[in-house]
Structure formats: structure tokens, C-alpha cells
There are 2 protein chains.
Amino acid sequence: MPSRPSQRVTIKDLAREMGVSVATIARAFHPEADIAVATRAAVLRLAAERGYQPDALARSMITGRTRIVGVVVADLENPFYPMVLASLSAALQPAGFNTMLVVAEAGGPVDPALRLLLSYRPEYAIILATNLTTEATRTCAAAQVPLLYFNRAPLDTDARAVVCDNLGGAGSLARHMIAGGMRHPAFISGRADTSTNQERHEGFRTACEAAGLTVREEAAQSFTYAAGQQAARRLLSSGERPDGIMGASDILALGAVDVATREFGLQIPRDLMVAGFDDIPMSAWPAHDLTTVQQPVTAMVERTLAWIRDEPCEGGTLRLPARLIIRGTTRTEPAAERTCNDMKEERA
Amino acid sequence: MPSRPSQRVTIKDLAREMGVSVATIARAFHPEADIAVATRAAVLRLAAERGYQPDALARSMITGRTRIVGVVVADLENPFYPMVLASLSAALQPAGFNTMLVVAEAGGPVDPALRLLLSYRPEYAIILATNLTTEATRTCAAAQVPLLYFNRAPLDTDARAVVCDNLGGAGSLARHMIAGGMRHPAFISGRADTSTNQERHEGFRTACEAAGLTVREEAAQSFTYAAGQQAARRLLSSGERPDGIMGASDILALGAVDVATREFGLQIPRDLMVAGFDDIPMSAWPAHDLTTVQQPVTAMVERTLAWIRDEPCEGGTLRLPARLIIRGTTRTEPAAERTCNDMKEERA
DNA sequence: CTGAAAGCGCTTACAG
DNA sequence: CTGAAAGCGCTTACAG
């Protein structure tokens, strides 16, 4: 066994050791290259032995293909994003792409991070985030990196985006809650400058107004559990209490449920219905059992990969259907018609 | 306004346009380089105008510094990891590093992903994960990339690692539960091949045995909510029920609480105490209010950055203290001495 | 099937 | 303070 070299082994080292040109070594690593079967085998054998692996950076410089997909994520605190990140990254890898991740502060400036990211020449950029100005679109355009917004409908119509039908989803949720007897709807907003918030709010409000109901809005300011709690506190301690609350996202709704039951002693869904949007894993936990609108994450990730594969497709926003998931925090029929023994027994 | 070039602008383009050498352009971007103040200003102005930015790949090839930190994460489903990832990435960025993320399947092979990652020549690799063989250590050593295990004590003692005091943390948790009256302890294991699981189990068991108690172990097989539920089902439907359960992680404990209260009608902490480890955000939610052992994530991330800064420090495992967080799922004193009105009122 | 050579976009001694 | 030149580790026409 030879002594381990102190420097990383390069293509030259291998060429020298085998007495062939560097071109031959390079060819062994390209399936489509013209090279003798035996030569390739010998090269690969020695490469494995020496721990040689072509340098992706050097390769990228020539081919112009870095196989890097840059992902900007702004809010890892909201469990929806880790979920998407895991799914996205898992789909990217078999397609031969690596994920370069930049974490931006929620609501903070994304551009410095984006620029740093772009200096690595990602082949594509995906923005997995909340509020972003059109600055990002321009920055990527200048760097000639195709950009996709995920879960955000950008203001610029020529940008590409994959989102779910927030409007329709929130609308069907509203109708479900109205059928359950909601008379005084309220909506807890997260960040007001996000398209998800705006669309969900509008979908909810439009459906409520169609039924003659006025929606009260309470601004939570951020998509966090604590913000949902605070918004619910304000909502429930005011004069006329809502009897149905939609959170702009699950994490807000979960905070609201908590305050309603624990601090205001309300029975859910009897005294108050609560629902969210996203369908994060916690919403399905029996302890929460939150009615929500499910984002079709798998389909959204699939579309993202399709976009990467057939880049030439034109811009625009792709909107996938969302699905209403009815769980225990909303009623199917008005509470007045129910009897008391609907209450869950806590004892075995 | 000049027409936008169809190709990305390079150092040559700028040099040609300004009538200077490429070296001059390059110098403008290096604070320590010898260059006239006026020249630098002019270069930077034109660069901004043309959207020029030095190519990080080309730069990396020469300097040998890619400013990339490769992170392998194996279990984004467990909320502990997104939390760490956000914290780590946020700390890395101001230090001038970008995060290259590889998501490996929990329990799956990590080596192919790691190799791909290494081809980008990260300056450091961080493994944020559960079960990894010493293969990763060898792979990184061959590529000459310093590797750090985060939240995992590697088998090879010469590898570097930052972990928390799982043993001590689990021990103090056990003593707290014993003081609360636990007589029949049980431990829900996640993946048995992880150091976190092994150390927490051992810490819990040792402390229990010191008090003359035998710990029953139930294998959940994975660190997920569903696995925690299933383990609790087996644990509680057997002949002699435990009166205290520690989950190897919060996510397991949360699943166990759920089954205990909802399916077995147990009152927590009166009939059964449950606790976890990690202190993920959900554990602090009032709906869960889970007693747990907090990992010092901030301190762990700080130590990781210190390691990156002063690389020459030798290997070994750095073990940071963990903190017991007592919440509502455990008792401070035995249940027998309590009265019935300790039960929480659910009405206002 | 293989090699010599140019070149990707930069950085960095070395002169001047 | 600036430029010419070598070179980082590869890939890829172009010959042969």
C-alpha cells in the first residue's frame, strides 16, 4: 500500500502513473466518450484505488453546467418549508443536481444571500419563501440563471412559479365552515406582503361574502405559532367573538387553537371552529387534528423538476389544485343541532 | 443604456471595456490588493453596472478555498434537524460560507451523496445525522476534507464531533421522574444504531438502576411521531404498564403522549409521566407541554464555527451540557400525595 | 481509440 | 500602482 499523498490526487497524477494522457483519464469518466473498454476499466480501477474523483468545479467551468440548484429558503421555522426542502432535495439528487442552500431571514433582505449563491453559477434558482421583491427576479435575470418561485406567486408575470390554488382552497374551506354553522368568520394573517397570505385571505373572504358574512382580519405579522397565539388572544378578547377562524397557515391556526382552548376555555369545534392551510405533519397529529387545506407538495415538486428538465417552456405561474382535509377542529353541521354527548370522553 | 449581452459578463469583458488588464479588475475585488483608490472605484462602478461578479468557481480553483461547507442531513422529518440547519446556515453565512446541502434518507446509505458533495470540494463537511458508519470518515479523509459530526458521537475516536451530554441529560431526567414517583420506567428507542439513542438509553437506565428500578425498552425503530405512537401502544397494552416513559427524542415522546391520553385514556402526568429529549419547538407548545432535555443548539453551533475558524485543533468529541426542562408531562412529587383538584379545568 | 493543445474565468507571484 | 504570464483541474474539438 503506497503512502497517502498529502495533496488531493488530480487527473495529472493519474495520467502520470498510468503513462497515458489526461484526456484518456477524462474520457473514462464520460460514458459517451470514445475509449477502449479495457482502458476505461483500468482507469476507473486506479481512480478508485487512489480516491480520485473528477473535480466538479473544474468540470463546471468548462461545461458551463454546475449541476447546482440554488435554493433560497426564508422560513425554516414554519414546518412546511423543511418538508418541501426535503422533498425537493430528494427529487433533485437522482436527477444529478446538488442543492446549494441559502437561509434568509424571514422577511429580511434576500438579495445579498442570493448574489452569493449566484456566484456559484447554479443552473437554476428556486425561491422557497415568503416576501421577496421583484429584485430577486432581476438579480437572477442579470446573472442569466432561470428562477422559479415555489409557493409564491411573483408580481412579475413573466417569472416562473409553482403554487397551489390558494384562492380555491381557502374558498372551499370557507364554504365548509359556513355549512358547519360559522356566522362570524375571522382570518388570521401572517405576513401581509406574501402572495399566499393575500390569496388565502381573498379566497376566504370572497366565499364568506357570497354567503353574506363579513370577515374580520387580525394581523399576526409573521407565520409562527406565537404570532398565531397573540392574534387569537386579540380576536377572542374583543367584544364580538368570531365563531370560525381561518389561519393563513397551519402554524398560525395551531397557535390559535391553543389559546382558544387553554386560555379562553372554548370547546373546539363546538364553540369555535379553527382551520389552517398547508397540512404540515403536526396538523395530522391527533392532539391537534386540525382541519386544513393540503398543498400538493409532491405534485409541486414534480412540476419543479419538469421545469428543470424542459427549461425552454415559457414563464408564468403554474397553479395546482389544493385539497380540503376535514378533521376535528371544524363541524360538518351547525352546532345548535348537536347534542351534548358529542363531547369526547377522556377516560378509557 | 447598453443592450444586455447574451453571455454572462466575465473579467475579460470588463478589462476590454476599461482598457486595463484582467489583473487590475481582479485586484479591485480583493480588499488587500495593491490598487489605486480611483481605479478600484471605477472598476467596481462598471462592474455593478454590467452585473459583473467574480465567478466563485474559477476563484475557488486557484485559491483552493471554495467557501462551501457541505452539510449532510439525514432526517428532516424530525423537527430538531431543520432547527439546527437554520441555525447552522445562519451562522455560516456571515462567516462567508455557503451551505451545500445533501439530504440522505434516514438510515439509508450516505456515501454516494457524500461523494457527490465532496466533488465540489467543500472546505468542511458536517454530518447532521443519525446512523453513519465510519465509511463517511474515511471518504472525507481520502478527499482531505475535515469532517465534523454534529449530534452524533462517531465510533472512530479521531473524528471530530460536537454533541450534547446525552448521558448526563438522560440521567437527570430519570432522577427527576424517580422523584416524581416513577416505579416502572420504560424507554422508547429510536434507531438503535445511533449514538444519541444509545447514550440516552444508557443514561436513563443507569440512573434508574441506581434507584433499584429496571427499565423496559421498546424499540420504535425510527425517530418519528408514528413510531412513537406504535411503541406506546405496545408498551401500554402489555401486562404491567410503565408509569414513566422516556422517549429517545421529543418526537417519539409526543407520539407516546398522544396514544396514552387518547387511546388509553390515561391522565398525564397523574397516571403516567412522559418525557423526551431535544426540546423541539413543538414540545414547548402548551398543547404538548412536554418535559424534556434541551440540547444547547446555539452553543453547539458556536463550537462548530469555532472549529471551522481554528481548524488546527485536534480531533475528539466535544460534549456540551444539556439542560432539563420540566414541563407538564412529569410530576415533581409522587401522585399519591396529590389531590384531585390538580386536574386542569378546561372551562373558563 | 489516443494524444497534444487550447481554453473555461479567474488569481498571483514577478517585473517594471 | 499596473501588466504579462503561468497556472488551478479539468473538457473537447482536432489530428492521427
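Per chain, numbering begins at 1; letters A, B, ... match sequence-line order.
- A close approach under 4.0 Å does occur between a side-chain nitrogen or oxygen of A/Tyr52 and OP1 or OP2 of D/dC10.
- Candidate nucleotides D/dT2, C/dT11, D/dG9 were compared by shortest atom distance to the side chain of B/Ile62, and C/dT11 ranks first.
- Taken to the nearest 0.5 Å, the CG atom of A/Asp55 stands 10.5 Å off from the CE atom of A/Met61.
- Per the geometry, OH belonging to A/Tyr120 stands 22 Å off P belonging to C/dC8, to the nearest Å.
- Residue B/Arg27 places a side-chain atom within donor-acceptor reach of the base of D/dG3, judged by atom type and a 3.5 Å distance cut-off alone.
- Nearest-nucleotide assignment on DNA chain C puts the 5′-proximal partner with A/Val37, out of A/Val37 and B/Ala58.
- Here A/Thr39 lies in heavy-atom contact (under 4.0 Å) with sugar-phosphate atoms only.
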Could you please spell out the steps behind the side chain to side chain contact (heavy atoms under 4.5 Å, CB included) verdict for B/Arg191 and B/Thr194? CA-CA 6 Å; B/Arg191 298 193 54 93; B/Thr194 64; 3.7 Å; yes
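- At least one cation-pi condition fails for A/Arg50 and A/Tyr52: the charged atom is not both under 6.0 angstrom from the six-membered ring centre and inside a 45 degree cone around its axis.
- Looking at every heavy atom in both residues, A/Val103 comes nearest to B/Ser89 through CG2-OG, 3.2 Å.
- Closest heavy-atom contact between B/Val145 and B/Ala125: CG1-N, 3.8 Å.
- Minimum atom distance to the side chain of B/Met61 is reached by D/dG9, of the listed C/dT12, C/dC10, D/dG9.
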Writing each nucleotide of DNA chain D 5' to 3' as (, ), [, ], | or . by Watson-Crick or G-U pairing under 3.5 Å yields |||.||||||||.|||
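- Among the heavy atoms of the strands, none lies under 4.0 Å from A/Arg65.
- Nucleotide D/dG9 holds its P atom 14 Å from the CG atom of B/Leu57, rounded to whole Å.
- Between the CD1 atom of B/Ile35 and the P atom of C/dT12 there is a distance of 14 Å, rounded to whole Å.
- A/Gln295 and A/Asn151 share a donor-acceptor pair across their side chains, judged by distance under 3.5 Å alone.
- Going from atom NE2 of A/His30 over to atom P of C/dC1 covers 17 Å, rounded to whole Å.
- Using a 4.0 Å heavy-atom criterion, one finds that A/Ala36 contacts the sugar-phosphate atoms exclusively.
- Between the A/Ser87 side chain and the A/Met83 main chain, no donor and acceptor come within less than 3.5 Å of each other.
- The distance from atom CG of B/Asp34 to atom C1' of C/dT11 is 15 Å, rounded to the nearest whole Å.
- Atom CZ in A/Arg121 sits about 18 Å away from atom P in D/dC10, given to the nearest Å.
- Note on B/Asp55: only backbone sugar-phosphate atoms sit closer than 4.0 angstrom, heavy atoms only; bases stay farther off.
- Remark: B/Arg59 is not in phosphate contact with C/dC10, judged by side-chain N or O atoms under 4.0 Å from OP1 or OP2.
- Residue A/Phe29 is classed as having no contact, given no heavy-atom separation below 4.0 Å to the nucleic acid.
- We find that CD1 of B/Ile25 is positioned 10 Å from P of C/dC10, with the value rounded to whole Å.
- The structure places OG of A/Ser21 at 6.0 Å from CZ of A/Arg27, a figure rounded to the nearest 0.5 Å.
- Comparing C/dA4, D/dG3, D/dT11 by their nearest atom to the side chain of B/Thr24 picks out D/dG3.
- Summarising the geometry, the separation between CD on A/Gln53 and C1' on D/dG9 is reported as 14 Å, rounded to the nearest angstrom.
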